[in-house]
Each structure stands twice: as C-alpha cells, then as structure tokens.
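The structure appears right after this line, and notes come after that.
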Amino acid sequence: RYRRANPTLLRLTGRTIDQVIGHTIGEVLPGLAPTVVPIIEGVIESGNAVVDRPIEGPVGTAGGVPRHFLATYFAIRHGDGIDGVGVVVRDVTEQLGAERAVEQRLAEFDAMHRTSLRLRDLQSPAELTASIIAVLEVSFGYTYGAVLLVDRDSGRLTPLALSRRATAICRIRNLWS
C-alpha cells in the first residue's frame, strides 16, 4: 500500500492524495500493477535494488494510451529489516518516440545509400529499373514494385518496369495489357 505520494504521481494518475495513500498499486495503477508488483515483491524478498527497469502501460491521465517509464526500485530499510520499497520513475515516452524516429530516418538513409551504391554501376535502363524495383521491395518492405512513365500529352501512366508480383496483379486485373 502507498504510504507516500508526490505531486508527480498524483498528476500522472489523475488522483488525489486520499485516492492514493493507503491504496494498493492495483487500485492506483491497475494497468501497471501486473508488471510492477512482482518487481516490488522481489526487492522486498532480496533487498536488492532494481535500476532503470523499463515499464510500459496506461496511466490515469494518458487516456489509456501506453506510456513508457524507467523505474528504479530500492528497499527502504528500518533497523535490520525492510520497511518498504521506494520507487523513482522517469517518463521516457517522448524520448523513446524521438529515438524511434531517428532510427527510422537512419534506416531510410541507409537504404538510400545502399540503393545509390547498387545503382551507380548500372549501364542499361532495364538494369536500372529492375534494381530500383528490387531495392524498393527489399529496403522499404514494398510488396509490389513498378517504375511508371507519365505520358506528357494524356497524363496516362505507362509501366517501364514491373516486379514479378506487380506484373502478375496487372495481368489478373487486365491493366496495361
């Protein structure tokens, strides 16, 4: 049961001090309790701290949207025994989002770099288009690849090259026959 709560916990959970003090973690943070309670029990049992444990789950003010936290759990000792567990929590949701965005951009830049390396030595338009399609399918996870030309007069798209899958779909749907 909670014995103390700081303003940050109250703000994060959307609860008052009376709705936290004396209540269990399951009552205050039902979405996080299945993850958090075993960690706290382990700290009480062993006396060892758990540092920067990633935790993900919904909290009161997030509207059910999972938040990401790093939590450090430590034993609060009184005399020879453990009197409770203290927890320091850091919300790292925005940091993780930024890191994921950077990782995605790096993956895109890497794919473009690999593409440029593969394409620089190609000589014919057929080699070039086949390689572009292969790179798009592999590097970016595209299912179908095509290089299309736009007719200046009609604005109609005309395929210059299609991947095997795209060719099969076009035949089935009777496109560009």
Side-chain angles (χ1 to χ4, degrees), residues 1-118 132-146 163-166 168-169 173:
R1 296 191 180 273
Y2 282 95
R3 294 186 193 168
R4 294 186 181 100
N6 63 20
T8 302
L9 177 66
L10 301 178
R11 183 178 40 76
L12 190 64
T13 61
R15 297 178 184 271
T16 66
I17 193 77
D18 292 333
Q19 293 172 319
V20 173
I21 301 302
H23 294 274
T24 66
I25 293 169
E27 294 168 332
V28 176
L29 295 168
L32 296 177
T35 303
V36 171
V37 170
I39 298 168
I40 290 174
E41 290 171 346
V43 170
I44 291 170
E45 196 174 294
S46 71
N48 296 325
V50 175
V51 179
D52 285 343
R53 172 70 57 93
I55 305 255
E56 176 187 346
V59 292
T61 59
V65 176
R67 304 289 296 174
H68 300 272
F69 305 95
L70 286 180
T72 296
Y73 305 82
F74 55 93
I76 298 174
R77 300 181 186 278
H78 185 68
D80 289 339
I82 294 175
D83 194 36
V85 174
V87 183
V88 177
V89 178
R90 233 176 353 130
D91 187 342
V92 294
T93 305
E94 290 179 18
Q95 177 184 342
L96 283 178
E99 288 174 3
R100 288 180 180 149
V102 167
E103 288 171 2
Q104 181 178 352
R105 292 297 293 164
L106 287 173
E108 290 170 1
F109 287 136
D110 181 57
M112 286 188 279
H113 175 70
R114 285 183 311 199
T115 301
S116 68
L117 292 176
R118 289 180 68 184
I132 288 171
I133 290 169
V135 167
L136 290 174
E137 289 180 332
V138 172
S139 299
F140 296 106
Y142 293 168
T143 304
Y144 306 102
S163 68
R164 280 189 219 125
R165 285 184 174 180
I169 290 296
R173 294 188 180 163

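The chain is numbered in sequence order, starting from 1. Just so it is clear, the structure is predicted and the values come from calculations on it, not from any experiment.
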- Message: Please evaluate residues Ile55 and Leu32 with respect to the criterion side chain to side chain contact (heavy atoms under 4.5 Å, CB included), reporting the C-alpha separation (whole Å), side-chain torsions for both, the decisive distance (0.1 Å), and the verdict.
- Response: CA-CA 8 Å; Ile55 305 255; Leu32 296 177; 3.8 Å; yes

- Message: I'd like to know whether Glu108 forms a salt bridge (charged side-chain N to carboxylate O under 4.0 Å, His left out) with Arg105, so could you lay out the CA-CA distance, the side-chain angles of the two residues, the decisive distance to 0.1 Å, and finally the verdict.
- Response: CA-CA 5 Å; Glu108 290 170 1; Arg105 292 297 293 164; 2.8 Å; yes

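In this structure, NE2 in His68 is found 11.0 Å from CD in Glu99, a value given to the nearest 0.5 Å. If you take CD on Gln19 and CG on Leu10, they are separated by 9.0 Å, rounding to the nearest 0.5 Å. Expressed to the nearest 0.5 Å, how far CD1 of Ile39 lies from OG1 of Thr35 amounts to 7.0 Å. Rounding to the nearest 0.5 angstrom, the gap separating the CD atom in Glu103 from the CG atom in Leu96 is 9.0 Å. To the nearest 0.5 angstrom, Arg15 atom CZ is 8.0 Å from His23 atom NE2. Remark: Asp52 CG to Leu70 CG distance equals 5.0 Å, nearest 0.5 Å.
Between Tyr2 and Ile25, some side-chain heavy-atom pair lies under the 4.5 Å cut-off. In this structure, the side chains of Leu12 and Phe69 come closer than 4.5 Å at one or more pairs of heavy atoms.
Using a 3.5 Å distance cut-off with no hydrogens or angles, the side chains of Thr93 and Asp91 do pair a donor with an acceptor.
Shown here for Ala33 and Gly26, the closest heavy-atom pair between the two residues is CB-CA, 3.6 Å. Residues Ala5 and Ile17 come closest through the heavy atom pair O-CD1, 3.8 Å. Across every non-hydrogen atom of Gly47 and Arg77, the tightest pair is O-NH2, 2.9 Å.
When atom types are taken as modelled, the side chain of Thr24 and the backbone of Arg1 share no donor-acceptor pair closer than 3.5 angstrom. Looking only at distances, no side-chain donor or acceptor of Arg53 sits under 3.5 Å from a matching main-chain atom of Tyr73.
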